[in-house]
Amino acid sequence: MYRFAPSPTGDMHIGNLRVALFNYICAKQSKEKFIIRVEDTDKERNIEGKDQEILEILNLFGITYDQLIYQSDNLKFHRQLGSKLLMDGNAFSCFCSAKTLEEKREQAKKDKKAYRYDGVCKKLSDSEVIENENPFVVRIKEPSEKIEFTDLIKGDMKFEPKDIDDFVILRVDKTPTYNFACAIDDMLSNVSVIIRGEDHLSNTPKQELIRKYLGYNEKVKYAHLPIILNDSGKKMSKRDDESSVKWLLEEGFLPDTIINYLILIGNKTPTEIFSLDEAITWFDITKVSKNPAKFDITKLRQLNREHIKALDPLSLSKFIGYSSKDIGKLAKIYLEEASTINEIKVKIDTIFKTKTCDEFEQEFELLKVATKDLPYFKEFDEFKAYLGEKSGLKGKKFFKPLRSLLTGSDSGPNLSDIYPHIKNYLGEIIK
RNA sequence: GGCCCGUUCGUCUAACGGUUAGGACUCCGGCCUCUCACGCCGGCAAUAGGGGUUCGAAUCCCCUACGGGUCACCA
């Protein structure tokens, strides 16, 4: 069983998509089930409708799943198991106020020491706990031994008890914290392989500890994916436009391109350009690089050109708001100077707009007149010869304004390449 | 600061312990050409540093430096 566990607190991040994608691929390869679990335990920060948006994005990328779970639906289990830990003596009630903890944390920071919970409430007797009427949280007790687990990418990992600490599992309002809910839900769904971002690596021993205390003995495998870095070498954040899947889509990058790129970086692949289905046949999660990769939009643009090239003309035409094979073919020619759907659309739209020509204004007008009662020419050469003769222009003074008249631009692809695809629309183009 | 992970051209990467350290993107030149491009051909460019082990190290070990992640009643 594989899972992807997004929280509906923000836009789908490129890193999240990569995690979803890798889970999907591995599930497909091993023919195991794949579930989506929406981690919505933080009611304050949940954003209305975000879950649907995430699901729509997954759908757009062809990432299908077998089941959809909302973490908040498991609240009763979280509480039940929380009190089991309490009764078994593996957890304790903690009455320390947020304020005093904050002060201690700051002090530790000042002393350049790692903050650890000081364990004052761990020593409380049963009667002291019962008599205390203050609000409390539930903390788990740090383990007595090292916690070890295997990471498919990083190798064998080992964490010391003191680095796991007595962390909070139930808040004052008795809702579960992330690590607790996550560990339990993974257990309840019998998740066997957890693929997620490297930022979760230090959560792993905590989650292992929870399940260990609960007597869950199934061995869970992990794969922690290296972070995707921005240009300045830091973790990509909301500030980086490129980190938003929505933004990339709006810019005119194809889903196929984005998938290709996310698999390509930090990985060794047999080819550079490939589809998701192809990747499923050879992808190997253990071959994913251990070091973080920088996001390179230039490379993404190159891949996008390749994927657009592979599109059939009619679908490409629809992507840019037209519905004709000719326009699709024309769009492909423009790939030589554009690499996103949006950039191509601008070029094509310009062709159908009213045009002017600053450099050769007179010649431009002359040509325009010459196109009155223009016969239909199958070949560009005939078309060219006719206009050349009728206008009396030649050389630069002919081609420059002609290009402007046909494309609205003073540079671009060979007119002879463009002509076959626009010859049927000249009436709408020349204006 | 503690813990964890990492370090090959600017970027993504390849190289049973033996290669002139390879490829792709970017960049630069040339060819092509009605323009800008594409395309084709060519070029620049890397094993973080120091110690070991070894006949031989990018590759194995140690140290240093640097980079990243993480240290919440967020997920």
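Residue numbers start from 1 in every chain, and the chains themselves are labelled A, B, ... in the order their sequence lines are given, proteins ahead of strands. As the structure is a computational prediction, the values presented were derived from the model and not from experiment.
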For A:Pro413 and for A:Glu160, locate the closest nucleotide of RNA chain B by heavy-atom distance; then report the residue assigned to the nucleotide nearer the 5' terminus. A:Glu160
Is there a Watson-Crick or G-U wobble partner for B:G39 with both distances under 3.5 Å, and if so, which one is it? B:C31
Counter-base of B:U11, judged by Watson-Crick or G-U geometry with both distances under 3.5 Å: B:A24
A:Arg105 near the nucleic acid: base, sugar-phosphate alone, or nothing, with a heavy-atom cut-off under 4.0 Å? sugar-phosphate
Phosphate-side-chain proximity, A:Lys162 and B:G2, N/O vs OP1/OP2 below 4.0 Å: no
Which whole number of Å gives the distance between the C1' atom of B:C61 and that of B:U54? 12 Å
Measuring to OP1 and OP2 of B:G6, would you say a side-chain N or O of A:Ser289 lies under 4.0 angstrom away? no
Touch class at under 4.0 angstrom, heavy-atom based, for A:Ala293 against every strand present: sugar-phosphate
Comparing A:Asp111 with A:Lys294, nearest RNA chain B nucleotide closer to 5' gives the residue A:Asp111
A:Asn260 side chain reached by A:Phe274 side chain, heavy atoms, under 4.5 Å: yes
Give the rounded distance in Å between these two atoms: CZ of A:Arg301 and P of B:C25. 15 Å
Can you spot which of A:Asp40, A:Asp51, A:Thr41 makes a side-chain hydrogen bond (donor to acceptor under 3.5 Å, both in side chains) with A:Tyr70? A:Asp51
Using purine N1 to pyrimidine N3 plus N6-O4 or O6-N4 for Watson-Crick, or N1-O2 and O6-N3 for G-U wobble, both under 3.5 Å, which nucleotide pairs with B:C3? B:G69
Pairing check on B:U54: which nucleotide meets the Watson-Crick or G-U wobble criteria with it, both distances under 3.5 Å? none
Once you round it to whole Å, what is the distance between P of B:A72 and CG of A:Asp165? 8 Å
Verify the contact: side-chain N or O of A:Lys235 to OP1 or OP2 of B:U70, cut-off strictly under 4.0 Å; return yes or no. yes
Pick one for B:C38: is it syn, with its angle within 90° of 0, or anti? syn
Counting Watson-Crick and G-U wobble pairs only, both distances under 3.5 Å, name the nucleotide matched with B:U47, or none. none
If you compare every side-chain N and O of A:Lys268 against the phosphate oxygens of B:A15 (OP1, OP2), does one of them come in below 4.0 Å? yes
